[in-house]
Trainee: 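One structure is given below, represented as C-alpha cells, and several questions about it will come after.
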2 protein chains.
Amino acid sequence: MNGRHSGRPTLEEVAVRAGVGRGTVSRVINGSPRVSDRAKAAVEAAIAELGYVPNRAARALAGNRTDAIALVIPEPETRLFAEPYFSDIIRGIGAELADTDMQLLLTLIRTPKERARFGQYLAAHRVDGVLLVSVHEDDPLPDLLEQLEMPAVLNGRRSDLESVSYVDADNVGGARAAVAHLIDRGRRRVATITGPLDMYVARARLDGYRQAMADAGLGGGAAGGGATGGSGAGEELIAAGDFTEEGGRRAMRELLARRPDVDGVFAASDVMAAGARAVLREEGRRVPGDVALVGFEDSAIARHMDPALTSVRQPTEEMGRTMARVLLEEIAERAAVRRHVVLATELVQRESV
Amino acid sequence: MNGRHSGRPTLEEVAVRAGVGRGTVSRVINGSPRVSDRAKAAVEAAIAELGYVPNRAARALAGNRTDAIALVIPEPETRLFAEPYFSDIIRGIGAELADTDMQLLLTLIRTPKERARFGQYLAAHRVDGVLLVSVHEDDPLPDLLEQLEMPAVLNGRRSDLESVSYVDADNVGGARAAVAHLIDRGRRRVATITGPLDMYVARARLDGYRQAMADAGLGGGAAGGGATGGSGAGEELIAAGDFTEEGGRRAMRELLARRPDVDGVFAASDVMAAGARAVLREEGRRVPGDVALVGFEDSAIARHMDPALTSVRQPTEEMGRTMARVLLEEIAERAAVRRHVVLATELVQRESV
DNA sequence: CTGAAAGCGCTAACAT
DNA sequence: ATGTTAGCGCTTTCAG
C-alpha cells in the first residue's frame, strides 16, 4: 500500500539522510533561523546529494499559498495598445520574479464569461496575488480583488482616486513636456489627438496637453490644474481617437477640417501619430516641416516612424519590475497597504522637431 | 486541532450535502462514467449550492499532475523576432487553453544559470508539459525535455530531423512564393537577405529562395531539392542578416556593393526588409520602382511599412493554437507520440509589386 | 455503482 | 533547537 514513489526524493528522505526530523528539514528549506548550524549543514548536504527539490503542490496545500501570481490581460487591450508595451511589462515582471520562486501565471480574459469565472479562479486560492494591466474605468476586477482582499497591483489606474495599488507612468507630465516642446519650437496651433476618454491614461494625457497650452497662454481649454473638464475655443484643437491607427487618421482629418492651419500635433499614442502622419502626407503637408508631431510611445512602431518624430518614452520595463516588486511586498505583509507609484516619462527628441 | 477552515467549501462538505461519499463526488468532478445519474445530480446540485471549486494544490498533490503547462521564452529571442509574433502565439495558446482548466505558466529564461535551473524546475513536476519558442539549433532544452519524457511542443524546429513535436510555418514554401512573385513581376536580379543561418527558419527561407531561383533558371545557387549547401555565381546575391533592422541595412549595403543592378530583394524578415528599404532610399533607389522588396512577416511593423511592399504572412495565432492542441494531446496520451505540423503561409500582396 | 481508507509531500503547532 | 504529530483537500485503490 505504499511506495508508489514518483521517483523524486521527498523531504522525508532528506530528513533520514541528514539524520534529523522532517521539521528541521522544512525549517532549513524555509530559511528559519531556529536551526543549529550543524543540522543546517547536514540537511543542505543531504539536499544536494539527493538532488531534492520541494514539491510545490504539497507546499501549496499545506501552506495555504501557491507561490504564484497571475498576470491578467484583458484580451481586447492586447490589440489596442500595441504589443511591445506588454512585452516590456512582462519582461520587467519576469526580471523581478527571477530571484523569487514565484511563478507567473498568464491569464487572458477575453469574454465576459471568462471575466465572471475569474472570481472563482481567485476564490480557489489559485494565486497569491494579481497583476492587472490596461484597466478601464468601469472595470469591476479591481473592486473584486479588493473585496477578496487579494493582493493586487494595477498597471495604470481607473481614476485619480484609485484605491487599489498601482504603478503608472507620469502621463500628465509626459504630455505636458511633449506639448511644451512643440511650443518651444515655435508651434502655436498645437492640436491633440486623444485616446478613448473613458480611460484614465487618455484623460491624463489630455490634461497634460491642456496644462502645457495654458502655461503658454495658448487656448487649449480651461485647464491648468488638472481638471479634465473645460471647454472653450481651444476645444476645436482636440480630437478624440481610440489608440488605433485608423482612429488617428480620422482624428487628424477632423483636425485638418476644423483648423487647416494646425502646425503641431500631440497624439496620445504613437500608433495614432502614425495614422495622423499618413493623413498629413496624403494631404500634402510636410512632417515635421508644416506640422510637427509628437506621440506617446506605447508601441514598437515608434522606432520605425519618421526619424524626425520626437516622442514621449515610458519606462515600460521598469513599470513591470515595479509592479512585481510592489505586489511581492503586498503579499509579504499580510496587511493591505496600498501603494501608488508614478514613474517619470522621458521626452526623446529624434531630430530637429 | 481542527477546523481552521480557509473558508472555501471542500469536497468533503459537498459529499455531506449531497449525501454521498467523497469518492463519488470526486468521480463526478472528474467526469467518471461510473456514477449513477441520481448521485451525479445530487452532487452537482450540492456543488452549485455551495459554490464549490476544487483546490488545485490538493488535486495536484494527490493526482501527481499540475494541470499547468509552461511557455518557455528565451529572453534574447523576445527582442529579436519583434514581439507581435509572440503576442500572436500567446493569443493562440490562450484561446486553445480557454476551454481547458489548464494554466499557462510564463517562463522567461534569460541566463545560462536559469537555463540550468530549468531542469530542476521540470523535475519538480511543476508542469505537465512545455511549449518552447524560438529554438536555436544548439538548444539543449528540447533534448532535456525528451530525456525527461516531458510532453513538449516546439515552435519551429532545430533541423529537418527534429525529434521533438513541433509546429512550424511553411518557411520554404513562403520564401519560394515570395521570390517567385518577384520573378513573375519581371525582376531578374533577385537577392536575398537571410537570417542567422544557425537557425533552421533562416535556412529554410534561404532554401525557398534558392528553389524559386532555380525554378526560374536564375542562378540562385545549387539548390532545388532543399539542400542548404550550394554555392556558385548566385552566391553574391545572398547576404547574411540577423533578423535585426541594422542587420538588414548592413546586408543591403553589401548587396548593393556587390550587385548594383539588383532589382528585387527577398528579406527573411520584415524587420530586415525595413532596414533594407531605408538603405535603398538613402542610396536613391526607388522602392519598389527600382528595387522590389518582399519580407517575411514576423513583426507588426509590416503593417507600417511601405504599402507597396508585399510580404509573406504566417498563421501566427493559428500556430499558437496548434501548439497548445498538440501539447494537450501529448499530455493526454501518456505515450510519446511526436507530431510534426507545418502550417501554410500566405503571400500578401500589398500593391503593384 | 459507491463508501471507506490510505496516502500524495509538506507546513505548522506542539511538545520536548 | 528539534523530533513528533496532525492535518491541508483531493485521487485512488479496495471492498463491498
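All chains are named by letter (A, B, ...) in the order of the sequence lines, taking the proteins before the strands, and each is independently numbered beginning at 1.
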Trainee: If you assign A58(B) and K40(B) each to the DNA chain C nucleotide with the nearest heavy atom, which residue ends up on the more 5' nucleotide?
Mentor: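 Final value for this comparison: K40(B).
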
Trainee: Roughly how many Å is it from CD1 in I29(B) to P in dT2(C), rounded to a whole number?
Mentor: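 For the pair I29(B) CD1 and dT2(C) P, the rounded distance is 15 Å.
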
Trainee: So, is T10(B) near the phosphate of dC8(D), with a side-chain N or O under 4.0 Å from OP1 or OP2?
Mentor: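 Answer is no, no contact under 4.0 Å.
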
Trainee: Counting any heavy atom closer than 4.0 Å, what does A39(B) reach on the DNA or RNA strands: base, sugar-phosphate only, or nothing?
Mentor: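 The residue A39(B) makes sugar-phosphate contact but no base contact.
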
Trainee: Is the distance from OP1 or OP2 of dT11(D) to the nearest side-chain N or O of S26(B) less than 4.0 Å?
Mentor: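 Answer is yes, contact under 4.0 Å.
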
Trainee: Pick base, sugar-phosphate or nothing for V25(B), based on heavy-atom distances below 4.0 Å to the nucleic acid.
Mentor: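 Counting heavy atoms under 4.0 Å across all strands, no contact is made by V25(B).
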
Trainee: Apply side-chain contact (heavy atoms from CB on, under 4.5 Å) to residues E49(A) and I47(A) and explain how you reach the verdict.
Mentor: CA-CA 6 Å; E49(A) 288 161 26; I47(A) 287 179; over 6 Å; no

Trainee: Do the side chain of R8(A) and the base of dG9(C) come within less than 3.5 angstrom through a donor-acceptor pair of N or O atoms?
Mentor: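 Counting by modelled atom types and ignoring angles, no donor-acceptor contact under 3.5 Å is found here.
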
Trainee: Round to the nearest Å and state the distance from E12(A) atom CD to dT11(C) atom C1'.
Mentor: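 My rounded result for the distance is 14 Å.
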
Trainee: Could you check R22(A) against V25(A) for side-chain contact (heavy atoms from CB on, under 4.5 Å), going step by step and ending with a plain yes or no?
Mentor: CA-CA 5 Å; R22(A) 308 191 337 207; V25(A) 178; 5.6 Å; no

Trainee: Write down the distance between CG (N55(A)) and P (dC10(D)), rounded to a whole number of angstrom.
Mentor: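 One finds 17 Å between P of dC10(D) and CG of N55(A), rounded.
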
Trainee: Can you find an N or O donor on one side and an acceptor on the other, under 3.5 Å apart, linking the side chain of R56(B) with the base of dG9(D)?
Mentor: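 A donor-acceptor contact between them is absent.
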
Trainee: Considering just the side-chain nitrogens and oxygens of N30(A), establish if one lies under 4.0 Å of OP1 or OP2 belonging to dT11(C).
Mentor: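 For dT11(C), OP1/OP2 do have a side-chain N/O of N30(A) under 4.0 Å.
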
Trainee: For the side chain of R34(B), counting heavy atoms from C-beta on, which of dC1(C), dC10(C), dG9(D) is nearest?
Mentor: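 The nucleotide sitting nearest to the side chain is dC1(C).
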
Trainee: Once you round it to whole Å, what is the distance between P of dC10(C) and CZ of R59(B)?
Mentor: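 Atom CZ in R59(B) sits about 21 Å away from atom P in dC10(C).
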
Trainee: Could you tell me whether R91(B) and E317(B) make a salt bridge, using a distance below 4.0 angstrom between a side-chain N and a carboxylate O?
Mentor: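 A salt bridge is present here (some side-chain N lies under 4.0 Å from a carboxylate O).
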
Trainee: I need the CG-C1' distance between L50(B) and dG9(D), as an integer number of Å.
Mentor: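 Between C1' of dG9(D) and CG of L50(B): 15 Å.
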
Trainee: In whole Å, I'd like the distance from the CZ atom of R126(B) to the P atom of dG9(C).
Mentor: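 So the two atoms are 16 Å apart, to the nearest Å.
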
Trainee: Expressed as a whole number of angstroms, how long is the span from N64(B):CG to dC10(C):C1'?
Mentor: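 About 15 Å, once rounded to whole Å.
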
Trainee: Go through the steps to decide whether Y121(B) and R126(B) satisfy the test side chain to side chain donor-acceptor pair (under 3.5 Å), and finish with yes or no.
Mentor: CA-CA 6 Å; Y121(B) 188 98; R126(B) 272 137 74 152; 5.0 Å; no

Trainee: Could you check whether the side chain of R22(A) and the base of dT4(D) have a donor-acceptor pair of N or O atoms closer than 3.5 Å, going by distance alone?
Mentor: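 Such a pair does not exist between side chain and base.
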
Trainee: D67(B) has an atom CG; how far is it from atom P of dG9(D), in whole Å?
Mentor: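 From D67(B) CG to dG9(D) P: 18 Å.
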
Trainee: Return the nearest nucleotide to the side chain of L61(B); candidates are dC8(C), dT11(D), dC10(C).
Mentor: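 Selected nucleotide (nearest to the side chain): dC8(C).
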
Trainee: Are N30(B) and R59(B) close enough that a side-chain donor and a side-chain acceptor fall under 3.5 Å?
Mentor: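 Yes - a donor-acceptor pair under 3.5 Å links their side chains.
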
Trainee: Given dA4(C), dA1(D), dC10(C), which nucleotide is nearest the side-chain atoms of R27(B)?
Mentor: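 That would be dA4(C).
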
Trainee: Map A57(B) and T24(B) onto DNA chain D by nearest heavy atom, then report which one ends up closer to the 5' terminus.
Mentor: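 The 5'-side residue here is A57(B).
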
Trainee: Check the side chains of S165(A) and E330(A) for a donor-acceptor pair under 3.5 angstrom, ignoring hydrogens and angles.
Mentor: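 Side-chain D/A pair, E330(A) to S165(A): present.
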
